[in-house]
Amino acid sequence: MSYGIKPLGTKVVIREMVAEEKTASGIVLPGTAQEKPQMAEVLAVGPGTEEVKMELKEGDKVIYSKYAGTEVKFNGEEVMIMDQRDILAIVE
């Protein structure tokens, strides 16, 4: 599946998962009080390099570093492009 952005080298394109709008006790949070999620879905991956193997694949759910990446608007959707090294873990 091609997303329409082809990352280079060890770059990946991710889409943030939606933040919870309610707390566990049912309190609805306004947009400003919601914590920015650090979980995302991988939309596209680069080929890697000779030195660094690409360990991610499209569709992986990941946790990424809080201040990593560059936000980009593509086809009306906000996505982030970041280096694979800024991905902390794959959620199984």
Side-chain angles (χ1 to χ4, degrees):
M1 178 183 121
S2 176
Y3 180 69
I5 296 176
K6 183 179 178 182
L8 304 175
T10 59
K11 301 290 188 231
V12 296
V13 179
I14 63 171
R15 174 183 10 189
E16 291 180 340
M17 299 181 122
V18 179
E20 288 292 320
E21 295 182 16
K22 284 185 180 180
T23 65
S25 60
I27 298 172
V28 177
L29 298 172
T32 55
Q34 294 175 15
E35 188 169 324
K36 188 175 178 181
Q38 285 180 255
M39 287 187 65
E41 178 183 2
V42 176
L43 301 175
V45 298
T49 64
E50 289 182 19
E51 297 83 27
V52 181
K53 177 186 165 217
M54 180 53 68
E55 297 181 51
L56 301 169
K57 62 185 182 308
E58 292 177 14
D60 280 346
K61 303 284 189 255
V62 297
I63 298 172
Y64 62 92
S65 185
K66 194 169 197 152
Y67 300 105
T70 300
E71 293 182 2
V72 177
K73 194 161 198 164
F74 181 74
N75 287 340
E77 180 177 31
E78 289 196 20
V79 297
M80 291 180 68
I81 301 174
M82 66 179 55
D83 198 87
Q84 175 180 248
R85 71 174 173 250
D86 294 321
I87 304 293
L88 305 175
I90 298 173
V91 179
E92 296 182 340

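All heavy atoms count here, side chains included; hydrogens, waters and symmetry mates do not.
Atom CE of residue Met17 and atom CD1 of residue Ile63 lie 10.0 Å apart, to the nearest 0.5 angstrom. Taken from CD1 in Ile90 to NZ in Lys57, the straight-line distance is 6.5 Å, to the nearest 0.5 Å. Residue Asp60 holds its CG atom at 9.0 Å from CD of Glu41, rounded to the nearest 0.5 Å.
For the pair Met54 and Val12, the minimum side-chain heavy-atom distance is below 4.5 Å. Within the 4.5 Å cutoff, the side chain of Thr49 has heavy atoms near those of the Glu51 side chain.
Here the side chain of Glu16 pairs no donor or acceptor atom with the backbone of Ala40 at under 3.5 angstrom. With Glu78 contributing its side chain and Glu71 its backbone, the two residues share no donor-acceptor pair below 3.5 Å. Although no hydrogens or angles enter the test, the distance criterion places no donor-acceptor pair under 3.5 Å between the side chain of Gln84 and the main chain of Gly9.
Shown here for Gly4 and Phe74, the closest heavy-atom pair between the two residues is O-CZ, 3.5 Å. Here the closest non-hydrogen pair linking Arg15 and Leu43 is NH2-CD2, 2.8 Å. Here the shortest heavy-atom pairing between Pro7 and Pro47 reads O-CD, 3.8 Å. Taking every heavy atom of both residues into account, Val91 and Met39 meet most closely at CG2-CE, 3.7 Å.
The side chain to side chain contact (heavy atoms under 4.5 Å, CB included) test with Met82 is passed by exactly one of Val13, Ile14, Thr10, Val62: Ile14. Of the candidates Asp86, Ile81, Ile87, Asp83 forms a side chain to side chain contact (heavy atoms under 4.5 Å, CB included) with just one, namely Asp86.
Linking ILVMFWY side-chain heavy atoms closer than 4.5 Å, directly or via other members, places Val52 and Leu56 in two distinct hydrophobic clusters.
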